[in-house]
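What follows is a short report on a single structure.
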Amino acid sequence: MFSKAVRTACALLLLVPASGLAQEQPPAQEQPPAQQPSVTVAVASDPDSRVDPLQPDFTLAALPTTLRMPKHKFAFRVTHRFTRSLGRGDFGDLVNDFFGFDSGAQIGLELRYGLLPGTQIGIHRTSDRTIQIFGQQSVMKQAADGHPFSLDVIATWEGTDNMRGQQSSTIGVLASRKVGRFMALYAEPMFVVNTSPFDNGSQFDTGENNTTIMGLGARLRIRPSTYVVGEWTPRLGGYKPGVDQGSFGIEMRSGGHTFQINFSNGFGTTLGQLARGGISSDSWYIGFNISRKFF
């Protein structure tokens, strides 16, 4: 009997604290409601920062495109044109010169900045000490339910010998049209002032000092991130020595980088240099462009 009473007392002692704890917990209805997750309003990203699969870069080989620069963003570009003509000598000579890579080169460095939505400015300097300062404004953008093509205006000011020598300026219009999902076409009439390097009265003075050019180009998408690029810059009037410069090449895009290997009949990468023409229709030079977008 005593043993049974002890067991009953122990059971009661074990039940009392458990019951007390249950009473100390607030009833379910008195617990504070669970905090609702905050609702974040998604802000649409700047459409100018998205990859344009048909227009991955701000230039073709040397001609500008209508690709818009996002506001307050940067892009950097390196141009490289080897000065050894691929047609000089025989094939053995070309191999000995490692297909021109052993030769010197004209190099260009460019920095581009998005000043405002649709407005971009930049500076481009080549190793022959030519500096080009440029500004570009988007006027309209091609859209399926709107404009049938994109249109920009561009203005440049450039000078040789680090802007201490001959100076010239350009005003032009850039028009582009995307065709389906595989091609972008360009037509770019431009007027370049003071392209002739000769003074009035010089024996080499032709009487023409300005040049009207028509940049024509195309970019063909052959794989999701691989393109074939071509451009030609005929001079329609004014000072136009030598031959019109043309270029073609192949490029690849990887993230914010674009790498292009190209072949040109001249070294021009500024609009003033393009207006002065190429070297020869029989002389072609290997080169490359590397660009990097910081957005």
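Values below: every heavy atom of this structure, side chains too, minus hydrogens, waters and symmetry copies.
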**Pairwise side-chain hydrogen bond (donor to acceptor under 3.5 Å, both in side chains) hits with a residue in residues 274-287, at least two apart** =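 Counting only pairs at least two positions apart or across chains, no side-chain hydrogen bond (donor to acceptor under 3.5 Å, both in side chains) contact touches residues 274-287.
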Spacing of [atom1] belonging to [X] relative to [atom2] belonging to [Y], to within rounding of 0.5 Å:
X: N194; Y: T170; atom1: CG; atom2: OG1; answer: 10.5 Å
X: N265; Y: T233; atom1: CG; atom2: OG1; answer: 9.0 Å
X: F58; Y: L63; atom1: CZ; atom2: CG; answer: 16.0 Å

Please enumerate all residues that pass ring-ring contact (aromatic ring centres under 6.0 Å, His included) together with [X], with sequence neighbours excluded.
X: F76; answer: none
X: F82; answer: H80, F101
X: F295; answer: none

**Asked** Considering all heavy atoms of both residues, which atom of I131 and which atom of M163 are nearest to each other, and what is their separation?
**Response**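 Here I131 and M163 meet closest at O-SD, 3.4 Å.
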**Message:** Quick check: closest heavy atoms across S103 and T83, and the distance to 0.1 Å?
**Reply:**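 Smallest interatomic distance, heavy atoms only, reads OG-N, 3.5 Å.
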**Prompt:** With no hydrogens and no angle check, do the side chains of Q120 and R112 hold a donor and an acceptor under 3.5 Å apart?
**Reply:**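 R112 and Q120 do have a side-chain donor-acceptor pair below 3.5 Å.
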My understanding is that only residues two or more places apart in sequence, or in another chain, count here; which of them pass side chain to side chain donor-acceptor pair (under 3.5 Å) with [X]?
X: T160; value: none
X: W232; value: none
X: T79; value: none

**Item:** Pairs flagged by ring pair (Phe, Tyr, Trp, His ring centres under 6.0 Å) wherever residues 133-190 is involved - sequence neighbours left out
**Value:**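 Every candidate ring pair (Phe, Tyr, Trp, His ring centres under 6.0 Å) pair involving residues 133-190 fails, so no pair, neighbours aside, qualifies.
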**Asked** Apart from M252 itself, which Ile, Leu, Val, Met, Phe, Trp or Tyr residues share its cluster (side-chain heavy atoms under 4.5 Å, direct or through members)?
**Response**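 In the cluster with M252 there is nothing else; it is isolated.
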Return all side-chain donor-acceptor pairs below 3.5 angstrom for residues 221-229, not counting sequence neighbours, or 'none' if the list is empty.
residue : atom : partner : partner atom : Å
R221    : NE   : P224    : O            : 3.1
R221    : NH2  : P224    : O            : 3.0
Y227    : OH   : P53     : O            : 2.5

Under 3.5 Å, which donor-acceptor pairs link side chains of residues 254-261 to any protein atom two or more places apart or in another chain?
residue : atom : partner : partner atom : Å
H257    : NE2  : R292    : NE           : 3.2
Q260    : OE1  : N262    : ND2          : 2.9
Q260    : OE1  : N289    : ND2          : 3.3
Q260    : NE2  : L60     : O            : 3.0
Q260    : NE2  : E251    : OE1          : 3.0

**Message:** Just to verify, what does R68 make a salt bridge (charged side-chain N to carboxylate O under 4.0 Å, His left out) with, not counting sequence neighbours?
**Reply:**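 For R68, the residues satisfying salt bridge (charged side-chain N to carboxylate O under 4.0 Å, His left out) (neighbours in sequence not counted) are D48.
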